[in-house]
Amino acid sequence: MENITLSFKDVSVAYNADKLAVIHISADIQKNSITSIMGPSGCGKSTLLRAVNRMHELYPNIQITGSIELNGRDILSMNPIEVRRLAGMVFQCPNPFPTMSIYDNVLSGYALNGIKIQRSERDQIVETCLHNVGLWDEVKDNLNKRGSFLSGGQQQRLCIARALALRPDILLMDEPTSALDPIATSRIEDLLVELKKEVTIVIVTHNMGQAARISDYSMFMYLGELIEYDKTEKMFTNPSDKRTEAYLVGKFG
Amino acid sequence: MTKDKVFRTLLLGSALLIVLVCEAVFYSLTSGALPAFRSFGFFRFIGSSQWGVVDGSEHYGALPFIMGTLLTSFVALLLCIPFSLPVAFFVGEYYRNTKLASWVGGVVDLLAGIPSIVYGLWGFYAVRPFIVRIGLSQQGFGILTASVVLAIMIIPYAASLSAEFIRMVPQELKEGAYSLGATRAEVLRRIILPSSASGLVSSYILAIGRALGETMAVTMLIGNTNNLPLSLSDTGNTMASVIANQFGEADGFKLSSLIAIGLVLFLITAAINFVGHLIIKRNTL
Amino acid sequence: MKSVTNRIFKDRLLKTGIIVLSGLSCVPLLLILGEMLLKGWKQLSWSFLTQSTPTSLEAMLAVNSGERIPGGIANGIVGTLIMVLIATAIAVPIGLLCGIYLSEHRKTRFATTVRFLTELLQGTPSIIIGIIAYLWMVVPMKTHSALAGAIALSIMMLPLIVRSTEETLYLLPASLKEAALALGSSYRSMVIKVLLPALGASMIQWDPTRPSSAVSLLIWQFYNDPNLNSMIWSASLFLLLFVLLLNITAKQISKKWRI
Ligand SMILES: Nc1ncnc2c1ncn2[C@@H]1O[C@H](COP(=O)(O)OP(=O)(O)OP(=O)(O)O)[C@@H](O)[C@H]1O
Ligand SMILES: [Mg+2]
């Protein structure tokens, strides 16, 4: 049990009463692994991911049933702000805070949570996190510049650093490289493989090559349902469901 | 010439006409104000607080009215912010895109349609007795009374302008902050407020611009005296209210002085509006 | 580290504060509306709209015998209508053309200047426009006329029309303009056929009470005559209902014409 970070138990999500966007999904996510979620557009990948850090609660009409456990604790028994600290999120479009400097962006999690830390410790966190995302050498002379001046790939890495700074148990990434060029993408892929030593990663991606390259486990979703969930090698070489196979050979999506 | 050419000429002509109208407005005010400026001097006119016949000679200075205008508008702004800002957050963030917010928005539109004289009248019957009761002044007229009513008049305007800017803060930024574990209050303070700050500032600058030129309601409540107001309980006049009050029976130097006050007011509001629009443009382009 | 409960408490506190303060800001506004309804309602009738203002004496007699004041604001309404008509006839064509010009030339220096002057004109207090009308119309003609009021009104309307024209045209999808041009219609007929209907809706949203219309002037007269005081509220109520009607119409029209 202790090597399971996240566990979905019969999770369903509905944006409006008559139609479920995510249908009865159950799955366990292994600790210190990368799990990719694939599936055609609109199949509910983002919806499932956003259920984990309770983002759906920002919008009043969304209904969730079932339960999700993070390190064995039911997330619904915790406060949403605690859950979100433990489950970091990186969005499809890089969204560094434009009113803050690069330095403050990395530390924004602390500022937002009202956590006071010493100057030296702050410098330490900023340097480590920017190192971890391979951004330190590029920005170390411009730490006081605004985050929005960076290139798209750099911005996305800044957002990853920002999420990592809070030392989350799990990192949820929703198509983090879809707005980036191949070079920036491969840098982030390398980074994720490095990072999985420290944090469990769940990544939504449309890029099958990416899933094959970096992920240990893969999920295939279709029309809100979890069709297949297996070791990545197994899924890519010998999928057990026809729909998975059709997707992997490019029949739809 | 083809019809299209005629049409294009018409377009250019009407744009030129706007320039012409503005020039004419400025020219008329200046030439009307010239006798006053010439005989008292521009800076003495602005800096003097005498108004009327002193020792047998006419002397007019605008200081009391400039002071009255600045004082009422400033106090009105101070009173307006703690109410209009929450309304803006209510409409633009907490209840945005809900029925409640659009309902509130409708009421705000409606309130902008109430003639200013009605606000003045309401101030006369409702606010003035209150000022008397708390013992601030005997008649209840004065700077504070006028400012309170002015504040009530500009709250809807300031609130709907600033709600617009709060609504414009991108949802991705807010989600980014929530995903780091922030509460709504923290998102408001650390993300929404800084992101919309310049918009908010310009909203309040434009609201002050409104307050500066407000005439009827102020005229009914400020007491219409020509002294230099030094405290909130003093009576006085604003630039707009002294014009409204004395223009009718004025002639000669007095008329010219009133036009000169009009010119000064014109320049002040122009400057304030210019700054407000400038800030908005800087941040939306 | 601050405790989570502490932070959540602050969050709730802020929300409560915002709701309470928002509620409080509505109070004076609701009081004003209530007072207008209460005091204005009983005077509001058909004859209020069709008869002209009573003399001070007539009003005093009516008040003394506890009856409703005879007469109405017909003269004010007619005066306003005449003024608004003249002002519209002056301001709408100029404003439309100028708005089209600005939307065609967004970045030139001349357009920027004109746009700036439009904003300047829009922010100019109405009392200053009043002085201008006095200098331009009353002084040369030696009499207060509806024409003077109409000129003042048109100067106040002009920037509103220019801006809403420009904004509407700017927001209009470029594809629509291109489609019209591709169909081979000339520039002029393109503007008229495609753009003007969309403008109609935004035009109606123009608010006739802001400038001192004749009804506002009547209200001022009521204010200065103690016997006529109680007619203030009904006249204002009438104005308010009129604005409400205009707003609703404008919303309906823009809903229908949404592109
Ligand atoms: N805010 C919303 N309101 C209503 N329905 C929504 C909303 N967001 C998503 N949906 C619906 O829920 C379903 C799942 O959407 P979701 O965004 O999870 O798909 P996705 O798998 O992430 O797709 P993509 O790969 O395009 O990002 C879709 O059918 C979509 O139409
Ligand atoms: Mg998605």
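Just so it is clear, the model here is predicted, and its values are computed rather than measured. Throughout, a chain's letter reflects where its sequence line sits, starting with A, and its residues are numbered from 1.
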- Under 4.0 Å between a Lys/Arg side-chain N and an Asp/Glu carboxylate O for C:Glu119 and B:Lys281?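 The answer is yes: the pair qualifies as a salt bridge.
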
- Message: Taking atom CZ as the centre, does B:Arg189 end up with more than 12 heavy-atom neighbours from other residues, nucleotides or ligands that are less than 6.0 angstrom away?
- Response: no

- Message: Counting neighbours of CZ on B:Phe247 that are heavy atoms of other residues, nucleotides or ligands and sit closer than 6.0 Å, is the number greater than 12?
- Response: yes

Heavy-atom pairs under 4.5 Å with chain B are the metric here; pick the option from [options] that has the most.
options	value
C:Ile19, C:Leu102, C:Ile32	C:Ile32
C:Ile8, C:Leu237, C:Leu31	C:Leu31
C:Thr124, C:Leu29, C:Val114	C:Leu29
C:Ile128, C:Leu14, C:Thr118	C:Ile128

- Task: Give the intermediate values and the outcome of side chain to side chain contact (heavy atoms under 4.5 Å, CB included) for residues C:Tyr134 and B:Leu255.
- Result: CA-CA 11 Å; C:Tyr134 172 84; B:Leu255 184 65; 4.2 Å; yes

- Item | Beyond-backbone contact of C:Trp233 with B:Val118, side-chain heavy atoms, under 4.5 angstrom |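 They are in contact (side-chain heavy atoms under 4.5 Å apart), so the answer is yes.
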
- For the residue pair B:Thr269 and C:Leu120, establish whether any side-chain heavy-atom pair is separated by less than 4.5 Å.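 Heavy-atom side-chain distance check fails, nothing below 4.5 Å.
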
Approximate separation, where rounding is to 0.5 Å, of [X] [atom1] and [Y] [atom2]:
X	Y	atom1	atom2	result
B:Leu85	C:Ser25	CG	OG	10.5 Å
B:Leu212	C:Ile127	CG	CD1	13.5 Å
B:Tyr27	C:Ile132	OH	CD1	12.0 Å
C:Leu121	B:Ile18	CG	CD1	7.0 Å
B:Leu11	C:Leu96	CG	CG	10.5 Å
B:Trp122	C:Glu35	CH2	CD	8.5 Å

Given heavy-atom pairs under 4.5 angstrom as the criterion, report whether the side chain, backbone, both or neither of [X] touches chain C.
X	value
B:Phe266	both
B:Leu12	both
B:Phe90	both
B:Met239	neither
B:Leu188	side chain
B:Ala182	backbone
B:Ala126	neither
B:Thr183	both
B:Ser28	both
B:Ile152	both

- Item | Full working for side chain to side chain contact (heavy atoms under 4.5 Å, CB included) between C:Phe110 and B:Val19 | CA-CA 10 Å; C:Phe110 177 63; B:Val19 179; 4.1 Å; yes

Please classify the contact of [X] with chain B as side chain, backbone, both or neither, using a heavy-atom distance under 4.5 Å.
X	value
C:Ile94	both
C:Leu135	side chain
C:Val20	neither
C:Leu158	side chain

Can you name the closest pair of heavy atoms from [X] and [Y] and give their distance?
X	Y	result
B:Pro86	C:Ile18	O-CG2, 3.6 Å
B:Ala15	C:Cys98	CA-SG, 3.8 Å
B:Val25	C:Trp136	N-CZ2, 3.8 Å

- Item | Expected output: side-chain C:Asp11 to main-chain B:Ala185 donor-acceptor under 3.5 Å |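 Yes.
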
- Query: For the candidates B:Leu263, B:Leu265, B:Val21, which exhibits the highest count of non-hydrogen atom pairs separated by less than 4.5 Å from chain C?
  - Reply: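 If we count pairs closer than 4.5 Å to chain C, B:Leu265 comes out on top.
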
